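Report on the following structure.
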Amino acid sequence: MATVMQKIKDIEDEMSKTQKNKATAHHLGLLKAKLAKLRRELLTPTTKGGGGAGEGFDVTKSGDARVGLVGFPSVGKSTLLNKLTGTFSEVASYEFTTLTCIPGVIMYKGAKVQLLDLPGIIEGAKDGKGRGRQVISTARTCNVILIVLDAIKPITHKRLIEKELEGFGIRLNKTPPNMTFRRKEKGGINFTSTVANTHLDLDTVKAICSEYRIHNADVSLRFDATADDLIDVIEGSRIYMPCIYVVNKIDQITVEELDILDKLPHYCPISAHLEWNLDGLLEMVWEYLDLCRLYTKPKGLNPDYEDPVILSSKRKTVEDFCNQIHKDMAKQFKYALVWGSSVKHKPQRVGKEHELEDEDVVQIIKKI
């Protein structure tokens, strides 16, 4: 492990000394590829079953979505968990009060949202310091990350945590790169682009691919991609996750300072201790989770508005709805009757492929 750590440090030092310009782009791309491979080596022990990610970190996923609280020690994560879920997580003014992962559940708009209070991370977590690897590995399983920041400490905390999460392959508030990467048997590296490229050229693409021992591939860009984007696509293990920057303890700063923080994108100011703006935070979490509530209607009865079926907005067909209720329901499916914004008529008869919208009412008709 020490040798991997030393190699990472050597590459980072070399990258910091190298000037960024067109002449060095090829060399920097190669260094970034080497760095990504070494980081993957660091991650491997925690992703394999026998390695043990640390006590208390194997939290069973429950509810409809999972939200993780990430931040430096003593920024108020445990207080926030206590106020939002009623779950007890020890609170104290000293650092590292929470040493394991504490789960809680929020009931919001009919959905069960699991909230994880992760132990405070420290700088260098991505390189194995503290319990950072376990913390960030658990964070990778979340649907949304809340980075909790202390309003009275500098915003540099934000950059440091972003750097730690980036090192573990978590891309915050980003979409996957709009490029196609396809390995092939022969023909060398074929590089095409529909836009002008300011970061990548054929030599850089070849250098990065050769680092991964890829000598035959088609690379097609539809945007001005960087070497990092290409490495992310080749690695294939990156997670693109929505993130909210929760600035806590706003009761301890001035209105002028709050106005400066207000310029941050994806930002929500709160005071967990005084319970300021917790409703606003929950509304923002709901928006970032991008969930879809669907109500069931048994034949001859009124719709059940108390217990909605929750689906992701990316997977919300009638077939997804059936699978969420019971895996055998799709096999017995004949057609569905739908009331709501996804149909023109109320009700409308639809098939398995029909895309549902938030708060639709669905009645499944089975084969006899």
Side-chain angles (χ1 to χ4, degrees), residues 53-92 96-121 125 131-132 134-150 157-158 161 164-165 168 170 172-173 239 241-250 266-293 307-308 310-313:
E55 286 179 37
F57 279 65
D58 301 324
V59 181
T60 308
K61 200 165 187 175
S62 70
D64 302 300
R66 183 181 253 194
V67 176
L69 296 171
V70 177
F72 281 103
S74 292
V75 291
K77 298 188 299 298
S78 298
T79 306
L80 186 57
L81 180 88
N82 295 348
K83 299 288 186 184
L84 290 176
T85 67
T87 305
F88 178 73
S89 180
E90 193 179 343
V91 177
F96 299 107
T97 318
T98 306
L99 295 173
T100 185
C101 180
I102 313 287
V105 174
I106 308 167
M107 293 299 300
Y108 191 71
K109 295 191 177 182
K112 279 170 111 175
V113 179
Q114 187 181 40
L115 191 64
L116 299 181
D117 176 17
L118 296 163
I121 66 171
R131 303 188 79 178
Q134 293 116 295
V135 173
I136 302 176
S137 295
T138 309
R140 282 173 67 92
T141 66
C142 295
N143 301 97
V144 169
I145 282 183
L146 304 185
I147 293 183
V148 186
L149 301 165
D150 192 330
H157 275 194
K158 171 178 174 284
I161 292 171
E164 300 303 319
L165 294 173
F168 262 76
I170 298 174
L172 303 174
N173 296 322
I239 291 177
M241 197 177 294
C243 167
I244 300 170
Y245 300 99
V246 183
V247 181
N248 190 23
K249 305 182 186 178
I250 56 167
H266 313 289
Y267 138 97
C268 184
I270 64 156
S271 171
H273 177 62
L274 297 174
E275 299 185 24
W276 290 357
N277 199 32
L278 296 189
D279 289 341
L281 174 60
L282 284 176
E283 187 61 46
M284 202 166 172
V285 168
W286 178 260
E287 182 192 325
Y288 278 54
L289 282 172
D290 200 19
L291 297 175
C292 189
R293 292 161 294 173
D307 190 18
I310 308 291
L311 295 178
S312 162
S313 289

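As the structure is a computational prediction, the values presented were derived from the model and not from experiment. Note: hydrogens, waters and symmetry copies are ignored here, and every other heavy atom, side chains too, is used.
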Return yes when atom NZ of Lys109 has more than 12 non-hydrogen atoms of other residues, nucleotides or ligands closer than 6.0 Å, and no otherwise.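 Result for NZ/Lys109: enclosed.
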[atom1] of [X] to [atom2] of [Y]: how many Å apart, nearest 0.5 Å?
{"X": "Leu311", "Y": "Leu291", "atom1": "CG", "atom2": "CG", "answer": "9.0 Å"}
{"X": "Leu289", "Y": "Ile310", "atom1": "CG", "atom2": "CD1", "answer": "10.0 Å"}
{"X": "Lys249", "Y": "Ser74", "atom1": "NZ", "atom2": "OG", "answer": "6.5 Å"}

Which residue in the set Asn143, Ile145, Val144, Leu165 passes side chain to side chain contact (heavy atoms under 4.5 Å, CB included) when paired with Met241?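 Single pass found, and it is Ile145.
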Taking the side chain as C-beta and beyond, is there a heavy-atom pair between [X] and [Y] under 4.5 Å?
{"X": "Leu146", "Y": "Leu69", "result": "yes"}
{"X": "Leu115", "Y": "Val285", "result": "no"}
{"X": "Cys142", "Y": "Val67", "result": "no"}
{"X": "Asp117", "Y": "Asn82", "result": "no"}
{"X": "Thr79", "Y": "Asn248", "result": "no"}
{"X": "Pro242", "Y": "Asn173", "result": "yes"}

Run the side chain to side chain contact (heavy atoms under 4.5 Å, CB included) check on Tyr267 and Leu149 step by step: do they pass? CA-CA 10 Å; Tyr267 138 97; Leu149 301 165; over 6 Å; no
Please work out whether the ring planes of Tyr245 and His266 are parallel, tilted or perpendicular, with thresholds of 30° and 60°.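 Aromatic pair Tyr245/His266 classed tilted.
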Closer than 3.5 angstrom, by distance alone: can the side chain of Ser313 be matched with the main-chain N or O of Asp290 as a donor-acceptor pair?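 Such a contact is found between Ser313 side chain and Asp290 backbone.
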